[in-house]
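Data first, discussion second: the structure below is written as C-alpha cells.
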Amino acid sequence: MYLELQQQLIQRVRDLLQRQYDVELPRIVVDQPPKVGLGEYALPLSFELAKKLRKPPRKIAEEIVAALGEVPGFEKFEVAGAGYINGRLDRQVAARMVLSPERSTKTGSAAGKKILVEHTSINPNKAAHVGHLRNSILGDTFVRLLQAAGAKVDVQNYIDNTGVQVADVVVGFLYLEKKGKSEIEALIADSGPPPRSFDYYCWDLYARVSQWYEESKDNLKLRLQTLHDIEKGGNEAAEIGKLISNAIIRRHLETMERLGIEYDFLPQESEILHLHFWELAFEQLKQKGVLYFETEGKNKGCWVMKRAGSKAAAEGTEGPDEDAKVIVRSNNTVTYVGKDIAYHLWKFGLLGKDFGYQRFYHYPGGRQVWISAESGEADHPHFGGVNAIYNVIDSRQEDPQNNVIEALRGMGYAEQADNQHHFSYAFVVLTPRCAEELGYELSAEDKERPFIEISGRKGFGVKADDLIDALIAAAQKEVDTRHPEMSESERRGVATQIAIGALRYFMLKFTKGSVIAFDFKEALSFEGETGPYAQYAIVRATNIFRKTGQSAEEILGSETDLRFLKEDDELWELWLRAGQLSNMVEQCISTAEPAYAAKYAFQLAQQFNNFYHQHHILTETDEARKGFLLATAAVVRRALIESLALMGIEAPPVM
RNA sequence: GAGCCCGUAGCUCAGUUGGACAGAGCAUCUGCCUUCUAAGCAGAGGGUCGCAGGUUCAAAUCCUGCCGGGCUCGCCA
C-alpha cells in the first residue's frame, strides 16, 4: 500500500516540477513525518529548490501544495515547519488497500529476474559453528526477500572439497589415526546425532592435526602431498577426501535443515578442476587481454592481471607491475582467484560449459538438492546463466571478490560485473566470558582482548548444533511449565519453533557490518528485542480469534467499519506499518540489508502489544468498534506472520 | 606502506539515498497478573553522537586531519 502510493506521489510531483518550474530533480526524497498525526509522507524538496528558484522554501511549498490538487488516495497536503510538504493519506482508502493482500511478488523490483545466491559454503571438514550460522541465516533470509520481490532464486552452497582443510582431516585419519577407507566408512556408518556425529569427530581431529603440524616439518610435507593427491584424483587420499566431504556435507545440510535452510545446488571445486573450467576461462582471459605474461620482476613467468585500483594501472608506468595479481603461477598452476573467475563465468552463463548434475538429497518438503559431478544424470535442471549474483561471504574476502568482478569487467562483461554483489558481513567472535564458559583456557593476552576469534584450527568455537540444542532446551523448559496439558512432542515442536525464532532473529538484528560478539546470555534470551517477542505477539492475536470463533482470515474478508481510523492516530499507525511491508522488502534488497526486516517485525510487534493492552477487544460492547479492532488485529497479525516468514521464522500455535 | 570497516546511554546495538526534538533492547529503580496467558505493558533515571576543523538553509549522517579498535593486501589455500 505505502510503496505504491509513494511511487504515485513521486511521479505526480515530478510532473508538476517539470510543468510549473521546468526543473528536474535527480531524486525526490520522501521521508515520514515524526508523528503520524502530521501525515504519512514528508517532502523536503522545497529546501533543495529554494536556491534554484531563489524563493523562500515555505513559499515554494505553498505553491506546490496549491498546484498539486487532488491526488488519488490522499486526503490533503499541507505545508509544515520551515517548508516541508506533508502528505496526508485518506485513511479509509489506504486501510482498504491494506486489507486486501499485497501482491508484492508481481510488482517487486526483482520480478522476473533470475538471481543466484551463494551462501553457507563451509569447508566440508568439520562441524558448522556460530560464524557459519550467521552466513547461512543472512543468505537464506536474503533469498526469501528476493523471492518476495518476485525473483526466481537459485540457492547454491559452494563446496571446496579439494582444499587444504579437507586434506588436513585426510592426513589426520591416515597418519594420526592410521585409519583406511573402510574404517572411516564404518565410522561414518556408526555415527549418530551430535555429539556422536561424524562432523563433531572431525572437528576434534582437525584441531589435533593442526597441532601435529607444528611438531615437525615432515608432517607439513605430508599435508602438501595429500593436498596434491586430492586435487589430482584417482588415489586413496582423493577417495577418502570425497568420503569425508560427502559425509560432512550431509551433516551440514541436516544442521541447516533444522533452521529451515535449503539449497538447490552444491557446486564442488573437484568438478571445476576436473571438467577443466579454468582452461576455458584462461583462453577467454588471454584473448581479451585481461591476463598477460610477465617477463620481468618478482612475478616473472606468471600470468598476471592488473588490479583495478593499482598505481600502475592508473599511471600506465613502464616496467613490470609489481602490484599485479598473479592468476597463473610460474609452475603453471592456477590460483584460487583464477578458479573463481572461471566459476563466475559459469554462473553468468559465459563459460560455454556446464557441470554434470547428480541428485544428492531430497527434502521432506519436496525440494531436490543437486550436486556437481563429472558425469551426471541425463535429466536435470539447469543452474547458472543468471541475471545477478549475491555471494554471501564475510568481509575478509573482499579483495578476491573484487578481483573476480574486475576480471569480468576487463573481459567486457560490464553488466555482469555490475550485477555481481559481494554480500559482505562481519564475522562472529566470542566474548571472553563466553570462551571461558566453554572451558577454553585463555592466555593472559586473550583476556585483555575485547573478543576471541573463532578458530577451527584450534577447535575453538560454539558448534551450531550445540547452540540449537541449548536453545531448544531453554525454550522447552518454559513451554513445559506453561503447557503441561500438551503432549511431549507438541511441546517439543513449539520449543523448537521458539528456539529457531530466537536464533534466526539474533543473527539478523545486527546490521551486516557490525561484528557480533557472541554471548550465550544474549543469544538465549527470549525477552525484549528477540524473535520470541514477535512470535508471542502473533500468538496473542491468534488467541483472540480462537475465542471469537471467527478466524483472522474471515475477518479480513468481511466488511469493516473503518471510520474509527479517522480520529485515532495510534490505531492508524498499526495499519500504516502493516501496509509498509513491501516497502521494507524493497529497502532490504536495495541495501542488501536483512536487518531491516528484523527491525520492522520487532517494531510492529511492539506496537501491537501496546494496542493489545490498551484495547480489550473481547469485552468491547460497541459491535462496530469490536469488528474494527478485530480487523486491526488481523491485519497486523498477517503482516507479522509475513515479516517473520521472510526471516524464516514460524509463528507457533501457542507459547 | 596501501585499502576497507567500526567508534552513538553502564552494556549490546538502530539511526544506509544529509531533514522536523538523538532511539531501542538489556541492566537498575517504581507500578501492573481473578483480564484476549505477564516470553507482556506503563513510568523513571541515564548522551561533549571518539576529537578538531570544513561544506550546507539543515550534519550522528558528507569532506579533511587526528585519536582508538578491527580486518585485508602472497606465485599460501
*Which nucleotides of nucleotides 37-44 of chain B have their base under 4.0 Å from a protein heavy atom (B), which only their sugar-phosphate (S), and which neither (-), written as one string 5' to 3'?*
BSBSSS--
*Scan nucleotides 3-12 of chain B nucleotide by nucleotide, 5' to 3', and note B when protein non-hydrogen atoms come under 4.0 Å of the base, S if they reach only the sugar-phosphate, - if neither.*
-SS------S
*Going 5' to 3' along nucleotides 56-61 of chain B, which nucleotides have protein heavy atoms under 4.0 Å from the base (write B), which only from the sugar-phosphate (write S), and which from neither (write -)?*
SB----
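Between A:Glu78 and A:Arg88, at least one side-chain N (NZ, or NE/NH1/NH2) sits under 4.0 Å from a carboxylate O, which counts as a salt bridge. Comment: A:Arg396 engages A:Glu453 in a salt bridge, judged by a side-chain N to carboxylate O separation of less than 4.0 angstrom. Taking 4.0 Å as the cut-off between side-chain N and carboxylate O, A:Lys512 and A:Glu593 do not count as a salt-bridged pair. A salt bridge links A:Asp168 to A:Arg223: at least one charged side-chain nitrogen sits closer than 4.0 Å to a carboxylate oxygen. Between A:Lys59 and A:Glu63 there is a salt bridge, since at least one side-chain N of the basic residue sits less than 4.0 Å from a carboxylate O of the acidic one. Electrostatic pairing of A:Lys306 and A:Glu406 does not count as a salt bridge here, judged by no charged N lying under 4.0 Å from a carboxylate O.
One can place OH of A:Tyr213 at 13 Å from P of B:A77, the figure rounded to the nearest angstrom. Rounded to whole angstrom, the span from the CD1 atom of A:Ile85 across to the P atom of B:A20 amounts to 16 Å. Distance, A:Gln587 CD to B:G15 C1': 11 Å, rounded to whole Å. Between A:Phe518 atom CZ and B:C26 atom P there is a gap of 18 Å when expressed in whole angstrom units. We find that CG of A:Asp394 is positioned 13 Å from C1' of B:G70, with the value rounded to whole Å. Taking atom NZ of residue A:Lys339 and atom P of nucleotide B:A77, one finds them 8 Å apart after rounding to whole Å. Rounded to whole Å, atom C1' of B:C36 lies 13 Å from atom CD of A:Glu620. Summarising the geometry, the separation between NZ on A:Lys509 and P on B:G15 is reported as 14 Å, rounded to the nearest angstrom.
B:G54 and B:C11: their P atoms are spaced 31 Å apart (whole Å). Taking atom C1' in both B:U61 and B:G15, one finds a spacing of 9 Å when rounded to whole Å. When the P atom is compared between B:C13 and B:U8, the two are found 9 Å apart, to the nearest whole Å. Nucleotides B:G65 and B:A2 have their P atoms positioned 11 Å apart, rounded to a whole Å. For the C1' atoms, the distance linking B:A58 with B:U12 amounts to 31 Å, nearest Å. Taking the C1' atom of each, B:A9 and B:G18 are spaced 24 Å apart, rounded to whole Å. Comparing B:G40 with B:C36, their C1' atoms sit 13 Å apart, to the nearest whole Å. Using atom C1' as the reference point in both B:C41 and B:A24, the two lie 16 Å apart (nearest Å).
No side-chain donor-acceptor contact under 3.5 Å links A:Gln165 and A:Asp160. Between A:Asp229 and A:Gln225, the side chains place a donor N or O and an acceptor N or O closer than 3.5 Å (distance only, hydrogens not considered).
A syn base is found at B:C33: its glycosidic angle is within 90° of 0.
If you check every strand for non-hydrogen atoms under 4.0 Å, A:Pro33 touches a base. At the heavy-atom level, A:Lys35 lies nowhere under 4.0 Å from the strands shown. As judged by a 4.0 angstrom heavy-atom cut-off over every strand, A:Tyr596 is placed among the base-contacting residues. Among the heavy atoms of the strands lying under 4.0 Å from A:Lys300 is at least one base atom, whether or not backbone atoms are also near. Among the atoms of the strands shown, base atoms are found under 4.0 Å from some heavy atom of A:Ala80. Residue-level contact check: A:His422 touches neither bases nor backbone, having no heavy atom under 4.0 Å from any strand. Within 4.0 Å of A:Ala42, counting heavy atoms only, lies at least one base atom of the nucleic acid. A:Ser395 comes within 4.0 angstrom of no nucleic acid atom, judged by non-hydrogen atoms across all strands.
Of the nucleotides present, B:C11 is the one that pairs with B:G25 by Watson-Crick or G-U wobble criteria, both distances under 3.5 Å. With a 3.5 Å ceiling on both atom-pair distances, B:C36 lacks any Watson-Crick or G-U wobble partner. Pair assignment for B:G47: none, as no Watson-Crick or G-U wobble contacts are both less than 3.5 Å. Across the strands present, B:C71 finds its partner in B:G3; the criterion is a Watson-Crick or G-U wobble pair with both atom distances under 3.5 angstrom. Using Watson-Crick or G-U wobble geometry with both donor-acceptor distances under 3.5 Å, B:A60 finds no partner in any strand shown.
Remark on RNA chain B: of its neighbouring residues A:Gly301 and A:Gln603, the 5'-side contact belongs to A:Gln603, judged by nearest-heavy-atom nucleotide. Both A:Asn86 and A:Leu227 lie close to RNA chain B; mapped to their nearest nucleotides by heavy-atom distance, the more 5′-ward contact belongs to A:Asn86.
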*Walk me through it: do A:Asn135 and A:Asp394 pass the test side-chain contact (heavy atoms from CB on, under 4.5 Å)?*
CA-CA 8 Å; A:Asn135 181 304; A:Asp394 85 52; over 6 Å; no
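A:Leu471 contributes atom CG, which lies 5.5 Å from atom CZ of A:Phe526 (distance to the nearest 0.5 angstrom). Between the CG atom of A:Asp480 and the CD atom of A:Glu478 there is a distance of 9.5 Å, given to the nearest 0.5 Å.
Counting only heavy atoms from C-beta on, A:Phe602 has its side chain closest to B:A24 among B:A77, B:C75, B:A24. Distance from the side chain of A:His616 is smallest for B:C36 among the nucleotides B:C36, B:C26, B:C71. Of the candidates B:G70, B:C26, B:C75, B:C26 carries the atom nearest the A:Lys521 side chain, counting heavy atoms from C-beta on.
Relative to the six-membered ring of A:Tyr343, A:Lys339 misses at least one condition, a distance below 6.0 Å or an angle of at most 45° to the axis. In this structure, A:Arg637 forms no cation-pi arrangement with A:Phe608, as its terminal cationic atom is not both closer than 6.0 Å to the ring centre and no more than 45° off the ring axis.
Taking 3.5 Å as the limit, the base of B:C75 and the side chain of A:Thr335 contain no donor-acceptor pair of atoms between them.
Within the 4.5 Å cutoff, the side chain of A:Ile544 has heavy atoms near those of the A:Tyr612 side chain.
Ring-centre distance between A:Phe518 and A:Phe451: not below the 6.0 Å cut-off.
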